[in-house]
There are 2 protein chains.
Amino acid sequence: MNETQAVTSLAALAHPQRLRIFRMLVAEGPNGLPASEIADAVEASATAASFHLKELDRAGLIFGTRDGRFVRYAVNIEGMRQLLAYLVDDCCRGQPELCGATFKKIRSVCSK
Amino acid sequence: MNETQAVTSLAALAHPQRLRIFRMLVAEGPNGLPASEIADAVEASATAASFHLKELDRAGLIFGTRDGRFVRYAVNIEGMRQLLAYLVDDCCRGQPELCGATFKKIRSVCSK
DNA sequence: TGTATAATTCAATAGTTCTTGTATTATTGA
DNA sequence: TCAATAATACAAGAACTATTGAATTATACA
């Protein structure tokens with residue numbers, strides 16, 4: 001993960017419909033959902049949903065696989081972990097005594 | 001944390017200089033740094049730095065406190081924790097067996 | 001093969017955010 | 001009070017992102 005990738009991922013999430021899609025897929029887990037079902041759930045047109053799904057895919061946060069005439073999208077777990085880790089990398093310069101319990105929990109995300 | 005707040009926070013982070021500032025303040029810990037030092041470090045003009053610091057502040061990710069003629073900015077730990085928690089809330093519908101080790105770690109961020 | 005469904009691409013417009021320079025406010029110390 | 005430093009506010013144009021509808025591609029199945 002580098003700065004440019006992180007900015008791309010954060011920008012992808014910084015949109016109400018995309019954020020709803022992402023959280024939905026996080027909740028859904030590895031199986032994911034077809035694009036049409038996602039579009040319905042967030043009340044987006046097929047065009048809009050496709051645009052937003054592509055943004056999230058490009059950002060490495062989800063990925064789509066064709067399944068017959070459907071494309072199923074699912075969360076990219078490793079991409080998501082890398083983003084969270086990048087945000088809190090080197091927090092409090094590794095001195096947990098500065099950070100308190102909250103930071104300790106957040107830091108556990110950093111490790112693979 | 002609601003959707004609108006989360007989008008605001010993610011948009012605040014989705015900019016190279018602001019992301020650099022945020023990570024710098026995460027590394028720095030509770031004491032934070034004066035605005036001028038931050039501006040130098042990210043090679044931004046005073047105006048640009050002020051604009052970006054205000055965005056991060058508005059998003060609840062950092063906060064500034066005046067200290068003589070300086071304003072020191074520091075990370076808002078609780079704001080950051082809430083954002084990370086919002087992203088991974090209800091992951092795999094609470095069934096860790098779907099998620100694997102990575103998700104279990106990420107989930108630890110959710111708890112207060 | 002032809003029709004229906006799922007999804008994506010394209011192009012134009014509308015809307016937002018970023019950048020830059022200048023002006024202003026706040027604080028300190030001579 | 002005056003000069004210097006730190007920071008913020010404002011305004012205009014540039015750059016980027018989102019939205020919409022129409023057209024296109026991919027797949028299934030009668």
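Just so we're on the same page: letters track the sequence lines, and every chain starts at 1. Please read all numbers here as calculations on a predicted model, not as lab measurements.
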Looking only at heavy atoms, what is the nearest atom pair of [X] and [Y], with distance?
X: Ser9(A); Y: Ala59(A); value: OG-O, 3.0 Å
X: Met1(B); Y: Gly79(B); value: CE-O, 4.3 Å
X: Leu19(B); Y: Ala6(A); value: CD2-CB, 3.6 Å
X: Pro30(B); Y: Ala74(B); value: O-CB, 3.5 Å
X: Val75(A); Y: Leu25(A); value: CG1-O, 3.9 Å

Check: Which value, rounded to the nearest 0.5 Å, describes the distance between Glu78(A) atom CD and Arg81(A) atom CZ?
Finding: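 Glu78(A) atom CD to Arg81(A) atom CZ measures 4.5 Å (nearest 0.5 Å).
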Checklist line | Rounded to 10 degrees, the angle between the two terminal axes of the helix from dT1(C)-dA30(D) to dA30(C)-dT1(D), each from five pairs | finding: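 What I find for the helix from dT1(C)-dA30(D) to dA30(C)-dT1(D) is an axis angle of 20°.
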Notebook entry, point to check: Pick the nucleotide of DNA chain D nearest each of Ala14(A) and Arg66(A); which residue has the one closer to the 5' end?
Noted result: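 Nearest-nucleotide comparison on DNA chain D picks Ala14(A).
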Notebook entry, point to check: Phosphate oxygens OP1/OP2 of dT16(C): is one of them under 4.0 Å from a side-chain N or O of His15(B)?
Noted result: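 False: His15(B) side-chain N/O out of range (4.0 Å or more) of dT16(C) OP1/OP2.
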Note to self: Below the 4.0 Å mark, does dT17(D) have OP1 or OP2 next to a side-chain nitrogen or oxygen of His52(A)?
What the structure shows: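 His52(A) to dT17(D) OP1/OP2: no side-chain N or O under 4.0 Å.
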Can you measure [X] atom [atom1] to [N] atom [atom2] for me and round it to whole angstrom units?
X: Leu33(A); N: dA7(C); atom1: CG; atom2: C1'; answer: 15 Å
X: Arg72(B); N: dT27(C); atom1: CZ; atom2: P; answer: 17 Å
X: Glu55(B); N: dC18(C); atom1: CD; atom2: P; answer: 6 Å
X: Asp40(B); N: dA7(D); atom1: CG; atom2: C1'; answer: 13 Å
X: Asp57(B); N: dT8(D); atom1: CG; atom2: P; answer: 9 Å
X: Leu56(B); N: dT8(D); atom1: CG; atom2: C1'; answer: 16 Å
X: Phe51(B); N: dA12(D); atom1: CZ; atom2: C1'; answer: 14 Å
X: Ile21(B); N: dA7(D); atom1: CD1; atom2: C1'; answer: 14 Å

Could you work out which one of [options] sits closest to the side chain of [X]?
X: Lys54(B); options: dA9(D), dA7(C), dT19(C); result: dA9(D)
X: Thr47(B); options: dT27(C), dC10(D), dA7(C); result: dC10(D)
X: Arg69(A); options: dC29(D), dA4(D), dA7(C); result: dC29(D)
X: Tyr73(B); options: dA6(C), dT8(D), dA18(D); result: dT8(D)
X: Gln17(A); options: dA7(C), dT8(D), dT19(D); result: dT19(D)

Quick one: label [X] by what it contacts on the DNA or RNA (base, sugar-phosphate, nothing), any heavy atom closer than 4.0 Å.
X: Ala35(B); value: sugar-phosphate
X: Arg18(A); value: sugar-phosphate
X: Ser36(B); value: sugar-phosphate

Next item on the list: With the side chain counted from C-beta on, respond yes when Leu87(A) and Leu10(A) share a heavy-atom pair under 4.5 Å apart, and no when they do not.
Entry: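 Leu87(A) reaches Leu10(A) side chain to side chain.
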Check: With a 4.5 Å heavy-atom cut-off, do Met80(A) and Phe22(A) have their side chains touching?
Finding: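 The answer is yes; the side chains approach within 4.5 Å.
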